[in-house]
Amino acid sequence: MATTIDAPDGIHSTIEQLQGELPGLESRKQELEQELAAVAQRLEAVRTAVESLKTLSTTTTTAAATSGAPKTAGRKKTGTTAQRPASRTAKKAAPRAKAAGKAGKKKAAPAKRAKGLTEGIVEILSKAKSAMKAGEINQALGRPETAGQIEAVRGTLERLVKAAQARRTGRGLYEAAQG
């Protein structure tokens, strides 16, 4: 009979333990979902950059091929380039190509991100039930929680306030503009 009395107590304590574990699990689930969203966003940005670079590479190669004869045709070779070992010439050309590739990346990605960031912030503020902080908005966007990312959100929020698309309700608190 002693085991019958202990069984309900054991079940109740197990229920309490499991209920105590629920908030932590739900919190972890949210963190993982946000991390997944950030990874998906980064994946899309990298794919876009790769496609842009491929297009740039194809365009550059096509332009060089259609320009006709090489630039040295018709000119007398002075011996400087012809006598250089191929490795030295390649070493000089590699940094330039690398710099051109980096410049192409930097120009393509920010425009898309800035537009997406602004639209994302406006959408989150319009769906929010109360005023939000920049860090909360950054988190809701699924962006990495670094000071730089949060400052970018804060700067965008300030621009939205100036453009009357958002309003500041208190120190560091923002909500969608009414209208």
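It should be emphasised that the depicted structure is a prediction, and the values quoted were computed from it without experimental measurement. In this chain, residues are counted from 1 in sequence order.
A distance of 7.0 Å separates NZ of Lys29 from CD of Glu26, quoted to the nearest 0.5 Å. We find the CD-CD distance between Gln34 and Gln30 to be 6.0 Å, quoted to the nearest 0.5 Å. Going from atom CZ of Arg168 over to atom CD of Glu158 covers 4.0 Å, rounded to the nearest 0.5 Å. Atoms CG and CG, from Leu43 and Leu36 in turn, are 10.5 Å apart once rounded to the nearest 0.5 Å. Remark: Glu16 CD to Thr14 OG1 distance equals 9.5 Å, nearest 0.5 Å. Atoms CG and NZ, from Leu173 and Lys133 in turn, are 6.5 Å apart once rounded to the nearest 0.5 Å.
Inspection of the Glu136 and Tyr174 side chains reveals no N or O donor paired with an N or O acceptor under 3.5 Å.
Counting all heavy atoms, side chain and backbone alike, Gly142 lies closest to Gln41 at O-OE1, 4.2 Å. Residue Glu175 comes nearest to Ala131 through the heavy atom pair CB-CA, 4.2 Å, listed as atom of the first residue, atom of the second, then distance. Arg167 and Ala176 get closest at one heavy-atom pair: CG-O, 4.4 Å. Here the closest non-hydrogen pair linking Ala134 and Val153 is O-CG1, 3.7 Å.
Checked options Ile137, Thr156, Val122, Asn138; the residue passing with Leu117 is Thr156 (criterion: side-chain contact (heavy atoms from CB on, under 4.5 Å)).
A salt bridge links Glu123 to Lys127: at least one charged side-chain nitrogen sits closer than 4.0 Å to a carboxylate oxygen. For the pair Glu31 and Arg28, the salt-bridge criterion is met [side-chain N within less than 4.0 Å of a carboxylate O].
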Problem - side-chain contact (heavy atoms from CB on, under 4.5 Å) evaluation trace for Glu35 with Leu32 - result: CA-CA 5 Å; Glu35 189 176 338; Leu32 290 171; 4.2 Å; yes
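When hydrophobic clusters are built by joining Ile, Leu, Val, Met, Phe, Trp and Tyr residues whose side-chain heavy atoms come closer than 4.5 Å, directly or via intermediates, Ile121 is grouped together with Ile124. The hydrophobic clustering, which links ILVMFWY residues whose side-chain heavy atoms are closer than 4.5 Å, places Met132 and Val161 together.
In this structure, Ser52 contributes its side chain and Thr48 its backbone to a donor-acceptor pair below 3.5 Å.
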